[in-house]
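Just below is one structure, and these are the notes that go with it.
The model shown is predicted, which means the values in this text are computed figures rather than measured ones.
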Amino acid sequence: MLLSPSACPATASARSTSHRFSPRSSHRLRLLTLLTALGIAACSPPESTEPEASAEVPAAEAATGMEEAGPAMGEPVEEAMDAAMESAGVAGAAALAAVLEAQPEDVQARLVYRHPAETMAFFGIEPGMTVLEALPGGGWYTKILAAYLGTDGTVVGVDYDKSMFPLFGFMSDEQLAAKETWPQDWSATARGWFEVPVAGIDAAQFGAMPAEAVGTLDAALFIRALHNMARFEDQGGYLTTAVSEVYTALKPGGVLGVVQHMAPEDAPDEWASGANGYLKKSFVIAALTDAGFELVDESPINENPKDQPTTDDRVWRLPPTLSGAKDNPDLAAERTAIGESTRMTLKFRKPA
């Protein structure tokens, strides 16, 4: 249902003084401007209904200017983001805006880097779809995606192949044992994240995708999920298997959307193997086209020109992890000023 500003006067007046629509967030202001131009606005829930900040980004960090430290976006990025939202249409833009405005502050602090509305619009994700989300983890994207897809849609969270986890070398026996029941445990946990009806939620693991998944997906999303599978490809064919399973599970014409930490093309292959979080765009394109996918389009939506990684860098040095800098305020500030990693955004399609 589309909502005009007059349809929700209570929230409209509250929004004018809310810090969640302050000039600090160019992302949300641009989205609001687009919605206004389309003649619509999304209503926010009362402030008291928002959940507590999650552990991914401390609430204090979200309130201390993280949004101000976003990447400086040139005209091509601005134009690509606006074009993506316009392509979503009035209904899609309104639904995405409403979902994002309902997110807690720690999630909203990351919007300036992750651009989920523009990203999903670029991939053509629409309410009612069945969408696979690779490596959903604590649900940063799941919570947005499930609300946006609505009760006619389905999110299928898919974790890494359980045999891959021992290769990391830091997981306890208890953590490894928990992977045996991860699909049941994660889906039950994810359903508990929502107090209102959202999309159906299911779960699986790569290397063990159920036979009934064949030809059921409208789209699949690999959001910052490819690097570890690429890193351990030689030890178990994890990337090849995952991509093949997704290809089989997608309907003909189905979309595979990739957002991945992007290595410079002239970086050494050994450094850009995924072990440091980054992959080359050429590597990703080759891996997916070799599996039968067609590259449809690419976008600078999630590129960050401030992130210029060298062979001394790992992606986790940047927000929100700030690995190696949490006890060094000056270094943390320097890395926070860079923002999150620069990321390729690639749209593939399974041939119809």
Exercise for the section: Report yes if some heavy atom in the side chain of L322 is under 4.5 Å from a heavy atom in the side chain of W316; otherwise report no. Expected result: no
Problem - Where K350 and T248 come nearest, the two heavy atoms and their spacing - result: NZ-O, 3.8 Å
Problem - Side chain proximity check, R110 to D106, heavy atoms < 4.5 angstrom - result: no
Exercise for the section: Using modelled atom types only, decide if a donor and an acceptor are shared between the side chain of T321 and the backbone of S323 within a distance under 3.5 Å. Expected result: no
Exercise for the section: Verify the neighbour count for atom CD of Q184: are there more than 12 heavy atoms of other residues, nucleotides or ligands below 6.0 Å? Expected result: yes
Practice task
Give the minimum heavy-atom separation between A225 and L135, together with the two atoms involved.
Solution key: CB-CB, 4.0 Å
Practice task
Could you check if a side-chain atom of D159 sits within less than 4.5 angstrom of a side-chain atom of F206, using non-hydrogen atoms only?
Solution key: no
Completion exercise
Taken to the nearest 0.5 Å, the spacing of Y141 OH from Y148 OH works out to 11.5 Å
Problem - Check against side-chain contact (heavy atoms from CB on, under 4.5 Å), L221 and I125 - result: CA-CA 10 Å; L221 301 178; I125 306 302; 4.2 Å; yes
Practice task
Answer yes or no: is there a donor N or O on one side and an acceptor on the other, between the side chain of E340 and the main chain of Y113, under 3.5 Å?
Solution key: no
Completion exercise
Here the gap from E245 atom CD to T241 atom OG1, rounded to the nearest 0.5 Å, amounts to 6.5 Å
Problem - F293 and L250: CA distance, side-chain angles, deciding distance, side-chain contact (heavy atoms from CB on, under 4.5 Å) verdict - result: CA-CA 11 Å; F293 286 99; L250 281 168; 3.5 Å; yes
Handout entry: Expected output: side-chain K347 to main-chain G257 donor-acceptor under 3.5 Å
Key = no
Problem - D327 atom CG, neighbour heavy-atom count above 12 within 6.0 Å - result: no
Problem - Note, V243 side chain near V246 side chain (heavy atom, < 4.5 Å) - result: no
Exercise for the section: Cation-pi check, K179 to F165: give yes when NZ or CZ is under 6.0 Å from the six-membered ring centre and within 45° of the ring axis, no otherwise. Expected result: yes
Practice task
Identify, with sequence neighbours excluded, every residue that meets side-chain contact (heavy atoms from CB on, under 4.5 Å) alongside D307.
Solution key: Y278, N304, P309, R317, L318, I338, S341, T342
Problem - Polar side-chain atom of R224 near backbone of V259 as donor-acceptor pair, under 3.5 Å - result: no
Problem - Test item: T151 and V198 side chains (from C-beta on) under 4.5 Å apart, heavy atoms - result: no
Exercise for the section: For a ring-ring contact (aromatic ring centres under 6.0 Å, His included) with F232, tell me which candidate from Y160, F168, Y238 qualifies. Expected result: F168
Problem - Heavy-atom pair with the smallest gap, counting every atom of A325 and A332 - result: O-CB, 3.5 Å
Problem - Modelled atom types, side-chain donor and acceptor of T289 and E294, under 3.5 Å - result: no
Practice task
State, to 0.1 Å, how close P252 and A352 come at their nearest heavy-atom pair, and which atoms those are.
Solution key: CB-CA, 3.9 Å
Exercise for the section: Consider only side-chain heavy atoms of I, L, V, M, F, W and Y, link residues closer than 4.5 Å, and tell whether I285 and M262 are in one cluster. Expected result: yes
Practice task
Please report the shortest heavy-atom distance between G339 and P319, naming the atom on each side.
Solution key: O-CD, 3.2 Å
Exercise for the section: Take N276 and D313, measure what side-chain contact (heavy atoms from CB on, under 4.5 Å) needs, and give me the verdict at the end. Expected result: CA-CA 7 Å; N276 295 295; D313 293 324; over 6 Å; no
Exercise for the section: Using modelled atom types only, decide if a donor and an acceptor are shared between the side chain of R343 and the backbone of V258 within a distance under 3.5 Å. Expected result: no
Handout entry: Stepwise side chain to side chain donor-acceptor pair (under 3.5 Å) check, T345 with E298
Key = CA-CA 6 Å; T345 304; E298 58 182 283; over 6 Å; no
Exercise for the section: Give a yes or no on whether I301 and W140 share a hydrophobic cluster (residues Ile, Leu, Val, Met, Phe, Trp, Tyr; joining criterion: side-chain heavy atoms under 4.5 Å apart). Expected result: yes
Exercise for the section: On the 0 to 90° scale, with breaks at 30° and 60°, tag the W186-W182 ring pair as parallel, tilted or perpendicular. Expected result: parallel
Problem - Side-chain donor/acceptor of Q260 to backbone N/O of I223, under 3.5 Å - result: no
Practice task
Give the cluster check for L149 versus I201: same hydrophobic cluster or not, with ILVMFWY residues linked at side-chain heavy-atom distances below 4.5 Å.
Solution key: no
Practice task
Measure the CD-CD distance between E101 and Q108 for me, rounded to the nearest 0.5 Å.
Solution key: 5.5 Å
Problem - Donor-acceptor pair between T119 and N302 side chains, under 3.5 angstrom - result: yes
Handout entry: Note, L279 side chain near H261 side chain (heavy atom, < 4.5 Å)
Key = no
Handout entry: E265 side chain to K280 backbone, donor-acceptor under 3.5 Å
Key = no
Exercise for the section: To the nearest 0.5 Å, tell me how far L132 CG sits from D202 CG. Expected result: 10.0 Å
Problem - Contact summary for M171 and Q175, nearest pair of heavy atoms - result: CA-OE1, 3.3 Å
Practice task
Verify the distance criterion only: is there a donor paired with an acceptor across the side chains of E133 and T142 at less than 3.5 Å?
Solution key: yes
Exercise for the section: Look only at the side chain of D218 and the backbone of T130, and say whether a donor-acceptor pair between them is shorter than 3.5 Å. Expected result: yes
Exercise for the section: For atom CD of E174, decide whether the heavy atoms of other residues, nucleotides or ligands shown that lie under 6.0 angstrom number more than 12. Expected result: no
Completion exercise
Across all chains, not counting sequence neighbours, the side-chain contact (heavy atoms from CB on, under 4.5 Å) partners of S273 are A275
Handout entry: Distance, nearest 0.5 Å, that separates CG of D161 from CG of N228
Key = 13.0 Å
Problem - Verdict with reasoning, V284 to L226, per side-chain contact (heavy atoms from CB on, under 4.5 Å) - result: CA-CA 9 Å; V284 173; L226 291 174; 4.0 Å; yes
Problem - V156 side chain reached by V131 side chain, heavy atoms, under 4.5 Å - result: no
Practice task
Look at the side chain of K251 and the backbone N and O of L217, then say whether any donor-acceptor pair between them is shorter than 3.5 Å.
Solution key: no
Practice task
Determine whether P127 and D152 make a side-chain contact, defined as any pair of heavy atoms from C-beta on separated by less than 4.5 Å.
Solution key: no
Exercise for the section: Report yes or no: does T189 contribute a side-chain atom to a donor-acceptor pair with the main-chain N or O of D185 at less than 3.5 Å? Expected result: yes
Exercise for the section: Quick one: pull up CE in M164 and CG in L239 and give me the separation to the nearest 0.5 Å. Expected result: 10.0 Å
